[in-house]
Structures are given as C-alpha cells and as structure tokens.
Amino acid sequence: MLRPYDRQVRRITLSRWITLVAVLGGIAIDCIAVSVIVRDPSSDGAWAAVLLGVSFVVWGIAFAHLADRPDTEDEDEDAGKPVRVDRVDRLIASALTVMVFTAAYAIARWHQVPVWWAFGGAVIALGLPMVNRALDRRIARDEQAEGTAD
C-alpha cells in the first residue's frame, strides 16, 4: 500500500519554470490585447501586442525543446533521431526578434507615440544588436586577417 508521502515527487526545473512563465505571460498578453481589439479594432498597438503574445508562447515552447536536449556524450548514436538543434536555435532567435520589435512598437503606441515614430523606434531597438553583431564579426575577420598576414 502506497502512502501519500511515499510517492516520488517530480520537481519542476528552472527551464520548466521559464517555459511556464513565458507561455502563461504570452497567453495573458493575448487575452488583454484581444479585449482591446474587441473594443477598438483599429488599435494597431493591440494587434502588435497579439503578435507579441504569440511570440512569447512560441519562444517558451522552443525554450522547452532547447532545455530538453539530450547530452551527446551520454547517449548512443543509434539511440534515435538526432535533435534538430539548428531549427530550435533559429526558432528561438526569430521569436526573440519578433518579441523585441513588437514590444517596442506596442509600448510606444500605448504611450500615444505617432505610428512612424513608434515604427522607427522599434526598428532602432531591433537594429542596434544586429549592427553590434555585424561589427563584432568584422573586427574578428580583420584581426584574423592581420594574424595571417604577419
């Protein structure tokens, strides 16, 4: 006979908590945005918030798959289908890009910023990290070229 305290308790890991918060947060954002859309279908900030909520849910689910990667050192090569890590990484990067852009746009529109200014701010918020990565790659190539020239 099993007593309640004899059962093994499955603990929720940090990655599961992050997934849970992202998915529930995305659903909450979508619910609020849809309620605004029902009242005012012309609210572009609310439509952007719907996309923001969906991207949170997608990011959370992709993060769960990223956290569930098997350790390659511990498993056989014949253990099953290989995990498509590159697809999960691209999905996470894409969802994060959409989150940054739509969050910047929706927040700007929520503060009654004109559409073109909000769009420009969102482009800048999204573009600065991309410019930084491009400059880092350029600097690394230049340093590598100097190293081979010497």
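Just so you know, these numbers use all the heavy atoms, side chains as well, and skip hydrogens, waters and symmetry mates.
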| field | Closest approach of Val58 to Ala95 (non-hydrogen atoms, all atoms of both residues) | value | CG1-CB, 4.2 Å
| Among Val34, Leu51, Leu52, whose side chain to side chain contact (heavy atoms under 4.5 Å, CB included) with Ile29 holds? | Leu52
| So how far is it from Leu91 CG to Ser55 OG, rounded to the nearest 0.5 Å? | 10.5 Å
| said: Taking side chain to side chain contact (heavy atoms under 4.5 Å, CB included) as the definition, give me every residue that meets it alongside Ile37, ordered by chain and number, with sequence neighbours left out. | reply: Ala46, Trp47, Val50
| Val88 side chain reached by Phe63 side chain, heavy atoms, under 4.5 Å | no
| Same apolar cluster (I L V M F W Y, side chains within < 4.5 Å links), Val131/Leu126 | no
| said: Starting from Ile92, can I reach Ile18 by hopping between I/L/V/M/F/W/Y residues whose side chains sit under 4.5 Å apart? | reply: yes
| How long is the span from the CG atom in Leu14 to the OG1 atom in Thr19, to the nearest 0.5 Å? | 9.0 Å
| field | Heavy-atom pair with the smallest gap, counting every atom of Ala122 and Ala104 | value | CA-CB, 3.8 Å
| query | Rounded to the nearest 0.5 Å, what separation is found between the CG atom of Asn132 and the CZ atom of Arg137? | reply | 10.0 Å
| Do the side chains of Val100 and Met130 join up, straight or via other hydrophobic residues, at under 4.5 Å, putting them in one cluster? | yes
| task | Please report the closest heavy-atom contact between Arg16 and Ala64, naming both atoms and the distance. | result | NH1-CB, 4.3 Å
| Sequence-distant partners of Val21, side chain to side chain contact (heavy atoms under 4.5 Å, CB included), two or more places apart | none
| query | Taking all atoms of both residues into account, what is the closest heavy-atom pair of Phe56 and Gly26, and its distance? | reply | CB-CA, 3.6 Å
| Partners meeting side chain to side chain contact (heavy atoms under 4.5 Å, CB included) with Arg141 (sequence neighbours left out) | Arg138
| said: To check you understand the geometry: which heavy-atom pair defines the closest contact between Val57 and Val23, and what is its length? | reply: CG2-O, 3.7 Å
| field | Closest non-hydrogen atom pair, Ala48 against Thr102 | value | O-CB, 3.6 Å
| Taking the six-membered ring where the residue is Trp, are the ring centres of Phe119 and Phe101 under 6.0 Å apart? | yes
| said: Show, in sequence, the C-alpha distance, side-chain angles and deciding distance for Tyr105 and Val123, and conclude whether the side chain to side chain contact (heavy atoms under 4.5 Å, CB included) test is met. | reply: CA-CA 9 Å; Tyr105 183 82; Val123 167; over 6 Å; no
| query | Under a single-linkage definition using a 4.5 Å side-chain heavy-atom cutoff for Ile, Leu, Val, Met, Phe, Trp and Tyr, are Trp17 and Leu24 assigned to the same hydrophobic cluster? | reply | yes
| field | Joint cluster assignment, Val54 & Ile61, ILVMFWY side-chain distance < 4.5 Å | value | no
| Sidechain-backbone polar pair: Arg109 side chain, Val113 backbone, donor-acceptor under 3.5 Å | yes
